Amino acid sequence: MYKTKVIKIGHKKIGGNNPVLVQSMCNTDTRDIKATVKQIKELEKMGCEIIRVAVLDMKAARAIKKIKKQINIPLVADIHFDYRLAIESVKQGADKIRINPGNIGSLENLRKVVKACQNKKIPIRVGVNSGSLEQDVLKKYKMRVTPQGLVDSALKNIKLLEKMNFRNMVVSIKSTNVAHTIKAYEMIARKISYPLHLGVTEAGPPSVGIIKSSIGIGALLAQGIGDTIRVSLTGDSAEEVRVGWEILKSLKLRKKGVEIISCPTCGRTQIDLPKLVNQVEKALKDIKKEITVAVMGCAVNGPGEAREADIGVAGGKKTGIIFRRGKVIKTVKEKDILKELLKEIKKL
Ligand code: SF4
């Protein structure tokens with residue numbers, strides 16, 4: 001088990017025994033306060049627990065204060081190259097900043113950023129990315145991005161901050177290559193105790209990005225590595241949050257709302273199961289109760305396969321057998337399954 005130190009990001013704590021948190025990043029122009037707040041609010045509703053915004057210029061940095069006043073989750077300012085943007089973001093109330101210490105300018109400038117964060121007691125995420133590895137690290141590995149190169153870069157940057165007496169850190173070492181991401185995080189988890197933010201960077205559109213992220217993030221979380229996660233997808237940020245939660249729920253690391261278990265159907269299925277699953281999913285999407293609902297195709301294996309479900313239905317011959325924790329409670333006609341199932345869920 002990898003134990004990390006506890007770090008505070010606004011009112012949230014990560015690391016140690018704290019739950020793994022779901023993060024996302026706005027794809028709005030941070031200078032457009034209205035649009036950014038609107039997106040953050042939507043993401044909050046989906047369960048986003050920490051939000052990152054890109055700070056490209058002073059106007060974006062100055063927008064942070066106004067954005068923060070209207071949202072409820074900690075805000076991370078993402079800065080590249082210009083240390084003044086980092087300092088301004090801290091001044092404007094960012095709860096954490098994400099920088100790549102190697103590209104923020106001279107040591108003197110980095111020291112100024114560190115000082116600003118120390119004064120406000122806010123953490124820095126050292127964010128190493130396969131797309132922006134330093135030249136000296138690349139040269140060492142024949143200009144190829146390797147897991148060891150990612151780790152070398154992270155350790156170098158961590159040491160830089162530690163030399164400045166700064167230890168309020170979160171670390172990420174994301175690669176577009178899933179296998180590299182897993183290897184790199186496994187290596188660094190053995191070397192440092194700072195909380196780790198997990199992600200497969202530029203994972204692509206949802207069709208492939210969800211799979212890459214689930215494998216990369218999931219493989220690490222399953223080993224006890226990772227304190228915050230971000231599923232990075234091209235397109236809708238809300239989908240990132242939904243998938244992030246599904247990963248955590250799949251590994252039983254967090255609970256949130258209803259978990260639906262359904263079978264793939266086979267020759268034994270005698271009801272329209274796909275339609276029923278769709279209806280159940282829609283009907284339960286806003287339920288906050290943390291329950292597991294099984295929708296199974298047949299009574300032969302259904303209740304047994306879904307024994308751990310709080311409530312469920314197994315299809316019979318144009319009928320539905322409602323069961324609770326593996327025990328049959330009643331049999332209803334196919335047309336009444338949804339209604340009866342929802343009735344039983346209400347009783348839970
Ligand atoms: Fe087939 Fe029944 Fe298993 Fe569904 S639960 S896959 S219908 S055996």
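Just so we're clear, the structure is a prediction, and the values are computed from it rather than from any experiment. When a ligand or atom number is given, it counts from 1 through the structure's own listing order.
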Side-chain ion pair, [X] and [Y], N-O less than 4.0 Å:
X	Y	result
Lys68	Asp95	yes
Glu344	Lys347	yes
Asp152	Lys140	yes
Glu88	Arg84	no

- Item | Closer than 2.8 Å to atom 2 (Fe) of ligand 1 - protein N, O or S atoms, ordered by chain and residue number | Cys298 SG

- Scan side-chain atoms only and decide if Asn157 and Glu134 contain a donor-acceptor pair under the 3.5 Å cut-off. yes

- Item | Flag, side chain of Glu44 to backbone of Ile71, donor-acceptor distance under 3.5 Å | no

